[in-house]
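Residue numbers run from 1 in the order of the sequence given.
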Amino acid sequence: MAWWLLFFAGLFEIGWAIGLKYTEGFTRPMPSVLTVLAMAASFCLLATAMKTLPVGTAYAVWTGIGAVGTVALGILLFNEPATIIRLLCILMIIAGILGLKFLA
């Protein structure tokens with residue numbers, strides 16, 4: 001169950017990271033409210049997952065999910081570069097997440 005909570009915490013992290021772009025410095029009310037709600041959900045889910053998962057593992061997986069998802073959406077939504085080196089680095093982050101889940 002903790003791993004599922006951590007997974008959803010990571011998804012909410014992606015939501016608030018992308019949401020920050022749409023808040024325009026918290027000057028737009030609706031994106032700002034949604035971003036803050038995603039932040040709160042992400043932190044609450046992470047904190048709950050940390051009740052049973054090691055702090056280092058939980059935090060690394062949470063930030064990894066957020067980083068991979070944010071980069072992917074940055075490429076899709078904001079035309080950020082999708083170079084081979086960048087994609088290989090993302091694959092290494094995914095490998096690290098999977099390693100922490102299944103090997104550590």
Side-chain angles (χ1 to χ4, degrees):
M1 182 65 163
W3 284 100
W4 281 108
L5 293 172
L6 187 57
F7 173 74
F8 286 109
L11 293 182
F12 277 108
E13 185 188 3
I14 296 165
W16 69 257
I18 294 296
L20 283 174
K21 180 80 167 171
Y22 291 103
T23 69
E24 295 180 11
F26 291 103
T27 61
R28 298 180 61 212
M30 185 56 70
S32 297
V33 167
L34 293 174
T35 298
V36 170
L37 288 174
M39 286 176 179
S42 181
F43 284 115
C44 287
L45 290 168
L46 174 63
T48 304
M50 282 186 177
K51 287 180 180 179
T52 55
L53 295 175
V55 66
T57 299
Y59 185 75
V61 170
W62 178 68
T63 57
I65 292 169
V68 168
T70 303
V71 169
L73 286 177
I75 291 168
L76 294 172
L77 298 174
F78 307 123
N79 295 318
E80 294 178 1
T83 64
I84 191 72
I85 296 296
R86 200 165 188 219
L87 296 176
L88 287 172
C89 290
I90 292 302
L91 285 175
M92 287 190 286
I93 294 171
I94 293 169
I97 292 169
L98 294 174
L100 287 170
K101 166 69 172 127
F102 296 111
L103 303 175

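Between Thr57 and Trp3 there is a side-chain heavy-atom pair separated by less than 4.5 Å.
Annotation: salt bridge (charged side-chain N to carboxylate O under 4.0 Å, His left out) contacts involving residues 72-93, sequence neighbours excluded, comprise Glu80-Arg86. Residue pairs meeting the side chain to side chain donor-acceptor pair (under 3.5 Å) criterion with at least one partner in residues 5-24, sequence neighbours excluded, are absent. For residues 37-48, there are no salt bridge (charged side-chain N to carboxylate O under 4.0 Å, His left out) pairs, not counting sequence neighbours. Within the structure, salt bridge (charged side-chain N to carboxylate O under 4.0 Å, His left out) contacts touching residues 58-78 (residues at least two apart or in different chains) do not occur.
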In a table with atom names and distances, give each donor-acceptor pair under 3.5 Å that connects a side chain of residues 88-104 to protein atoms at least two apart or in another chain.
none

Donor-acceptor pairs under 3.5 Å, side chain of residues 38-55 to any protein atom, not counting sequence neighbours: which ones?
from, atom 1, to, atom 2, distance (Å)
Ser42, OG, Ala9, O, 2.9
Ser42, OG, Trp62, NE1, 2.9
Thr48, OG1, Cys44, O, 2.8

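Taken together through direct or relayed side-chain contacts under 4.5 Å among Ile, Leu, Val, Met, Phe, Trp and Tyr, Met30 and Phe12 form parts of separate hydrophobic clusters. Under the 4.5 Å side-chain heavy-atom criterion for ILVMFWY residues, no single connected hydrophobic cluster contains both Ile14 and Val33. Side-chain heavy atoms closer than 4.5 Å link hydrophobic residues (I, L, V, M, F, W, Y) into clusters, and following such links, even through other members, never connects Leu34 to Val36.
Annotation for Ala17 and Thr70: closest pair CB-OG1, 3.5 Å, computed over non-hydrogen atoms.
Side-chain N or O atoms of Thr63 include one that pairs as donor or acceptor with a backbone N or O of Ala60 at under 3.5 Å.
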